[in-house]
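Here's the structure, in structure tokens; my notes come after.
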Amino acid sequence: MNKISLKLGLLFFSFILIVEIILFSFLYTGLVDSRIDEELAELKTRGESHRHVLEKSFDETTIEHVALMETESETDVVIMTHDGKVLAKSNELTSPMKMLMEQERGPVPFEGMVVENRWETESYISTVSPIMIDNQLIGHVYMFKSTNSIQTMVYEIKQHFMVVGSLTIVLTVITVFFLSKVITLPLIRMKKATERLSKGDFTVSVRHHSDDELGELAQSIQTLANDLNHLKKERNEFLASISHELRTPLTYVKGYADIAMREGLSEEERNKYLQIIYEEAEHISGLVKNLFELAKIDQHTFVIEKEKVDLSEFTNKIVKKVRPAFKKKGIELKHSCPTELHVMIDRFRFEQVIINLLDNSLKYSNRDSRVALEIEHNQTNNKTVLSVIDEGIGIAKEEIPFIFNRLYRVEKSRSRESGGSGLGLSIVKEIVEAHGGHINICSELGKGTKVTIELNGYLKT
Ligand SMILES: Nc1ncnc2c1ncn2[C@@H]1O[C@H](COP(=O)(O)OP(=O)(O)OP(=O)(O)O)[C@@H](O)[C@H]1O
Ligand SMILES: [Mg+2]
């Protein structure tokens with residue numbers, strides 16, 4: 001038997017046993033007491049009826065007749081005068097009978113009284129009734145009943161109780177056994193499931209039929225198992241994608257290094273290949289940097305140190321930094337921001353966010369188009385909205401839901417021109433959400449893209 005069901009079973013059993021013992025002993029003593037009371041009442045009634053007969057005619061024949069009547073019954077009668085002389089008896093007097101009759105006692109009440117009721121220790125139970133004629137006490141009628149018969153009766157009751165009691169205990173054990181099994185079975189199943197989980201087997205299925213707490217627990221374990229399973233799959237996929245991502249630029253590096261090492265190359269050619277190798281190495285280091293960034297986010301070692309930042313000054317600096325790259329590609333970069341707009345952000349992280357978005361707009365826009373970084377503050381709900389708008393290639397509707405996934409790129413080929421690793425937007429999203437903000441993307445294929453970041457409750461001061 002499993003430990004928990006054994007524990008539960010023993011607990012149930014002890015409780016039920018205690019309750020049963022208490023109830024049975026109440027029942028037993030009540031039953032025995034009422035049987036004894038009945039016997040005494042019967043004995044007294046018998047004495048009363050003799051006394052009535054004797055009160056009607058107190059003569060020798062009647063007295064003998066009364067005594068004779070009792071000779072064949074289980075009870076005995078002794079008729080005495082008021083001064084203690086035995087007039088008649090239904091059987092030979094025994095010494096316990098004599099002792100009972102000689103006992104000192106006050107006047108016997110009219111309705112008679114019990115002389116002895118200790119059936120367990122004495123040989124007889126006994127009652128006495130007075131014989132009164134014209135308000136004069138003539139004598140007494142003593143009734144006796146041997147306690148042997150009573151003891152036999154009580155013994156039989158006890159025997160019955162023993163049988164019923166043992167049966168009840170057997171039934172209790174069986175009931176408790178099954179009940180504790182039924183109660184603990186789902187628990188044991190869940191325990192086994194969690195053991196398998198801890199060993200790394202996430203394919204467990206915990207069945208749950210009830211909608212009580214146990215059912216909820218089973219549901220939670222199932223959800224946990226599913227989540228872990230999903231996470232494991234995701235991690236494997238992620239690792240596969242990373243190795244794939246690294247392999248492509250490394251192939252370029254190897255290939256171009258091979259060519260660059262050949263003899264008889266002109267200085268100019270060699271420099272061209274070295275330049276490509278340099279760019280690819282740069283790409284790899286960017287990828288590794290981003291991966292490290294994401295790993296930090298996942299481990300929660302990533303802290304946001306918010307400070308009060310003047311947005312107009314902050315974005316001006318960034319725009320200045322990226323403008324040459326835009327100019328080089330012939331893209332006009334517009335910037336607008338209200339002055340004196342202060343927000344609480346992590347300067348370093350938020351610069352990463354804006355640079356990433358501007359970099360995307362630059363990468364995915366064609367020559368002679370426009371990109372705008374617009375910042376607005378909504379006075380009514382006190383929200384600051386940052387938008388990066390471009391007139392680039394846009395993103396197909398069906399791609400948008402996946403755009404924030406790690407390593408996700410619309411352009412699946414890892415060509416050297418379309419360069420990105422697909423990590424930028426996932427990092428941006430994590431940072432924005434760590435600031436309590438929201439990021440949203442709308443795009444139309446061939447028309448352009450608009451990314452908006454909404455920051456909560458920042459006061460304009
Ligand atoms: N402004 C945009 N216009 C068109 N497509 C975009 C834009 N921004 C992102 N995308 C698409 O979304 C994909 C994911 O963007 P993300 O910034 O995460 O990665 P990436 O730019 O490819 O690489 P990196 O890690 O260098 O940023 C991009 O590969 C691109 O296909
Ligand atoms: Mg990017």
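Computed from a predicted model, the values in this text were never measured in an experiment. Whatever order the structure lists ligands and atoms in, that order sets their numbers, starting from 1.
- Using a 4.0 angstrom heavy-atom cutoff, Gly392 does not count as in contact with ligand 1.
- A salt bridge is absent between Lys447 and Glu391: the closest approach of a Lys/Arg side-chain nitrogen to an acidic carboxylate oxygen does not fall below 4.0 angstrom.
- Using cut-offs of 30° and 60° for the angle between ring planes, the Tyr124 and Phe144 rings count as perpendicular.
- Both the backbone and the side chain of Val410 come within contact range of ligand 1, each with a heavy atom under 4.0 Å.
- The pair Arg118-Glu116 meets the salt-bridge criterion, with a side-chain N (NZ, NE, NH1 or NH2) lying under 4.0 Å from an Asp/Glu carboxylate O.
- In this view, Tyr278 satisfies the ring-ring contact (aromatic ring centres under 6.0 Å, His included) rule with no residue, not counting sequence neighbours.
- Once rounded to the nearest 0.5 Å, the distance linking CH2 of Trp119 with CD1 of Ile150 reads 8.0 Å.
- Less than 4.0 angstrom separates some heavy atom of Leu423 from each of these atoms of ligand 1: 18 (O), 19 (O), 25 (O).
- Side chains of Thr172 and Glu20: a donor on one and an acceptor on the other come within 3.5 Å.
- Using modelled atom types and a 3.5 Å distance limit, the side chains of Gln222 and Asn226 yield a donor-acceptor pair.
- For ligand 1, the polar-atom distance check against Thr449 finds a nitrogen or oxygen pair separated by under 3.5 Å.
- At a 4.0 Å heavy-atom cut-off, ligand 1 touches Tyr408 through the backbone alone.
- Any N or O atom pair closer than 3.5 Å counts here, and Ile395 shares no such pair with ligand 1.
- Legend: salt bridge (Lys or Arg N to Asp or Glu O under 4.0 Å) pairs involving residues 250-275, not counting sequence neighbours: none detected.
- At a threshold of 4.0 Å, the pair Lys191-Glu195 counts as salt-bridged, since one of the basic side-chain nitrogens sits closer than that to a carboxylate oxygen.
- Lys450 has no carboxylate O lying under 4.0 Å from a charged side-chain N of Glu444, or vice versa, which leaves the two without a salt bridge.
- Between Gly422 and ligand 1, at least one N/O pair is under 3.5 Å apart.
- Summarising the contacts of atom 23 (O) of ligand 1 with Ser365, Ser421, Gly286, the nearest heavy atom is found in Ser421.
- Legend: salt bridge (Lys or Arg N to Asp or Glu O under 4.0 Å) pairs involving residues 316-339, not counting sequence neighbours, sorted by first then second residue: Glu313-Lys317, Lys321-Glu351.
- The side chain of Asp390, and not its backbone, has at least one atom closer than 4.0 Å to an atom of ligand 1 (non-hydrogen atoms only; side chain from C-beta on).
- Every N/O-N/O distance between Ile403 and ligand 1 stays at or above 3.5 Å.
- Which parts of ligand 1 touch Lys363 is read off a 4.0 Å heavy-atom cut-off, strictly below it: atoms 20 (P), 21 (O), 23 (O), 24 (P), 26 (O).
- Of the heavy atoms in Glu399, none comes closer than 4.0 Å to ligand 1.
- In this model, no donor atom of one side chain and acceptor atom of the other lie less than 3.5 Å apart for Ser336 and Glu374.
- Protein contacts to the Mg ion (ligand 2) involving N, O or S atoms at a distance below 2.8 Å are Asn360 OD1.
- Polar contact with ligand 1: present for Asn360 (N/O pair, distance under 3.5 Å).
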